[in-house]
Amino acid sequence: MSLGSPRFFNGFLSGTLCTALAFYFYKTDDYKKTSSDRLTQVNLHAKESYHLTDVDPETAKQLRGSEILKYGIPDRGFNARLYTNHVLCYDQAKKIPVWVAELITKSDLRGHADREYSNFRMDPTLDAFFSSHNNDFIGSGWSRGHMAPAGDNKFSQQAMDETFYLTNIVPQDISNNDGFWNRLEIYCRDLTNKFKEVRVISGSLTLPTVKEGSKKFVNYEVNSSNKNQVIGNNSVTVPTHLFKVVTAENPQQPGSPVAVGAFVIPNQPIEGSAQLTQYKVKLEDLEKSAGVYFLPRLPPSKRVDLCSVDSCQLISQEALELYFVGRKLEDARTLERLDSVWKDLERRHLVPDDYLIHLYKRKRESLSPTR
DNA sequence: CGGCTACATTTC
DNA sequence: GAAATGTAGCCG
């Protein structure tokens, strides 16, 4: 069975993922058949019983519905798609995911999977007709931002590779992606030090802005390698905002509440001094904007505010940049490169810790020509 | 960690 | 020979 098979997922999530009509087809027919198989079967059934007077109104509607949709159920493709370590809902019109869900545990963060071996590419399980393309992003001024991060999948190269499928990607401001969003992703990973199970649902929004006094308008950029064509082109929606819904719990303590946090971040550069709590929102407000219930099986009585049981403190921008410097020092292959990285650190007035100073000295010795 | 571009290689 | 794909080096 393919990863994105709608048939599999309709089976147990049909109430939220499908129309009532589709649900009827699932309930009344063998779900291993294709929808057109099922439709045909219902049609035959309808021909036999349509004029029976004892058919109840609900059944009559279903039978009539199958006649109306003789040529199939118009399908926007909002079925959930399954991958090694994430699940997502893709918008075929906007050509970006609606939401991407993942589970992070400590063991997922250990391993040798490396982005070096991954490439951004079209999702092989998605109809290419509705897919974005790398060319829609390259040179557009927008970066390819992961929703489920690559770094949450160190345990499996396959899982990491799948996060590079364009079904998991939205056009994102690169400074935002490198900075604040990066710090938020690191924060979610660090939550596994306190909670056994961390679940994150990430996605994007196209929020309206107020214009002409009180009138609101939705206005967002669309990206495409085909710049001029309007109808039938391949435009990728540039979201105005990104969100994360975080749940964290220690499930071995039965009955204990689940920590829940919801955050909405503008898709633009964010000041290095910004804190996560500035972007905290009520989950209900996010749900209303997104048109999605994110935690339908978690009653409000079992929720507790994440930022009341955790600091919700991101690592500082300075600490993040020092980490970059460390990685670059380690990767330096020449003395020139090593010194260039160190000079850049001084230029930006970053204060290296003892580890960084020692690393620099050690690398300098190992790269110096032997006499 | 998160990305990019330039250039080389492969593929049709 | 153009387009897709892979690699090296770079930046925040």
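Reckoned from all heavy atoms, side chains included, excluding hydrogens, waters and symmetry mates. Chain letters run A, B, ... following the sequence lines, proteins first, then strands; residues in each count from 1.
A donor and an acceptor atom sit less than 3.5 Å apart, one in the side chain of Lys328(A) and one in the base of dG12(C). For dG2(B), its base sits under 3.5 Å from the side chain of Asp178(A) at one donor and acceptor pair at least.
No engagement by Gly179(A) is indicated, since no non-hydrogen atom pair under 4.0 Å with the nucleic acid exists. Within the 4.0 angstrom heavy-atom criterion, no nucleotide atom of any strand lies near Glu116(A). At the heavy-atom level, Asp331(A) lies nowhere under 4.0 Å from the strands shown.
Between Asn226(A) atom CG and dA3(C) atom P the separation is 14 Å, expressed in whole Å. The distance between atom CH2 of Trp181(A) and atom C1' of dG12(C), rounded to the nearest whole Å, is 18 Å. Taking atom CD on Glu271(A) and atom C1' on dG12(C), their separation rounds to 15 Å, with Å as the unit. If you take CG of Leu350(A) and C1' of dC11(C), they are 13 Å apart, rounded to a whole angstrom. We find that CZ of Arg327(A) is positioned 5 Å from P of dC1(B), with the value rounded to whole Å. At whole-Å resolution of the value, CG in Asn168(A) and C1' in dG2(B) are 14 Å apart. The distance between atom CG of Asn135(A) and atom P of dA3(C), rounded to the nearest whole Å, is 10 Å. We find that OH of Tyr117(A) is positioned 21 Å from P of dT5(C), with the value rounded to whole Å.
Using a cutoff of 4.0 Å between basic side-chain nitrogens and carboxylate oxygens, Lys61(A) and Glu58(A) are scored as salt-bridged. A salt bridge links Arg364(A) to Asp339(A): at least one charged side-chain nitrogen sits closer than 4.0 Å to a carboxylate oxygen. Salt-bridge formation is not detected for the pair Asp344(A)/Lys328(A): no Lys NZ or Arg NE/NH1/NH2 atom is positioned less than 4.0 Å from an Asp or Glu carboxylate oxygen.
Both thresholds, 5.5 Å between centres and 30° between ring planes, are met by Phe324(A) relative to the base of dG12(C), so the two rings are stacked.
The residue among Ser143(A) and Tyr323(A) whose nearest nucleotide of DNA chain B lies closer to the 5′ end is Tyr323(A). Where Ala113(A) and Ser140(A) meet DNA chain B, the nucleotide closest to each residue was compared, and Ala113(A) sits on the side nearer the 5' end. Residues Arg333(A) and Ser175(A) both approach DNA chain C. Their nearest nucleotides, taken by heavy-atom distance, put Arg333(A) toward the 5′ side.
The only option from Val304(A), Asp305(A), Asp310(A), Val309(A) that meets the side chain to side chain contact (heavy atoms under 4.5 Å, CB included) definition with Cys307(A) turns out to be Asp305(A).
A 4.5 Å side-chain heavy-atom check between Tyr220(A) and Val238(A) finds every atom pair outside the cut-off.
Atom-to-atom distance recorded for His86(A):NE2 and Thr167(A):OG1 is 5.5 Å, nearest 0.5 angstrom.
In this model, the phosphate group of dG6(C) is approached by a side-chain N or O of Asn119(A) to a distance below 4.0 Å at OP1 or OP2. Checking the phosphate oxygens (OP1, OP2) of dG3(B), a side-chain nitrogen or oxygen of His146(A) falls inside 4.0 Å. Within the structure, every side-chain polar atom (N or O) of Arg189(A) is placed at least 4.0 Å from both OP1 and OP2 of dC1(B). At least one side-chain nitrogen or oxygen of Arg337(A) sits closer than 4.0 Å to the OP1 or OP2 atom of dC10(C). The side chain of Arg121(A) contributes no N or O atom lying less than 4.0 Å from OP1 or OP2 of dA4(C). The phosphate of dC1(B) (OP1 or OP2) has a side-chain N or O of Lys154(A) nearer than 4.0 angstrom.
Side-chain proximity of Arg144(A) to dG12(C), dC4(B), dG2(B): nearest is dC4(B). Of the listed nucleotides (dT5(B), dG12(C), dT7(C)), dT5(B) has the atom at the smallest distance from the side chain of Ile138(A). In this structure, of dG2(B), dC4(B), dA4(C), it is dG2(B) that holds the atom nearest to the side chain of Asn182(A). Counting only heavy atoms from C-beta on, Ile174(A) has its side chain closest to dC4(B) among dC1(B), dC4(B), dT5(B).
The aromatic rings of Trp342(A) and Tyr360(A) sit parallel to each other, their planes meeting at less than 30°, with 60° as the upper class boundary.
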